[in-house]
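Single-structure report; data block below.
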Amino acid sequence: MFEIIQAAITGGAALALLVLAGITLGGSAVGLAVTTPLFVIFSPILVPATIATAFLATGFTASGSIGAMAITIFMWLFK
């Protein structure tokens, strides 16, 4: 009985992480699409552009790591 409850909780956590990874990836992609024209228009202002690029890279990295964590949980769950 404990194993069934554990599997249900683990599956729910993995699903939540996959959803969070998708939302983060989508937000990063939208942020990149919005800021790219701004980078072209305001190219002399390199410091804010560098900060925004760092935030976008952090978003993509977070999305990938959360997705990898969720897939690892799924693999562990169905092992």
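The first residue in the sequence is number 1, and the count goes up from there. Just the heavy atoms: all of them, side chains too, but no hydrogens, waters or symmetry mates, feed the values below.
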With ILVMFWY side chains joined below 4.5 Å, transitively, what does V19's cluster contain besides itself? I23
List, by chain and then residue number, the residues other than I9 in its hydrophobic cluster (Ile/Leu/Val/Met/Phe/Trp/Tyr, side-chain heavy atoms under 4.5 Å); write none if there are no others. M1, I5
I'd like a table of donor-acceptor pairs (distance under 3.5 Å, sequence neighbours excluded) in which one partner is a side-chain atom from residues 51-61, with atom names and distances.
| unit_1 | atom_1 | unit_2 | atom_2 | d |
| --- | --- | --- | --- | --- |
| T53 | OG1 | A49 | O | 2.8 |
| T58 | OG1 | A54 | O | 2.7 |
| T61 | OG1 | A57 | O | 2.8 |

I4: which other cluster members, linking ILVMFWY side chains closer than 4.5 Å, directly or transitively? none
Only pairs under 3.5 Å count here: list side-chain donor-acceptor contacts from residues 25-33, not counting sequence neighbours, and write none if there are none.
| unit_1 | atom_1 | unit_2 | atom_2 | d |
| --- | --- | --- | --- | --- |
| S28 | OG | T24 | O | 3.0 |

My understanding is that a hydrophobic cluster links ILVMFWY residues whose side chain heavy atoms are under 4.5 Å apart, including indirect links. Using that, what else belongs to the cluster containing M69? L17, L20, I66, I73
For G67 against A21, the heavy-atom pair lying closest together: N-CB, 3.6 Å
Supply the atom-to-atom distance E3 CD to T10 OG1, rounded to the nearest 0.5 angstrom. 11.5 Å
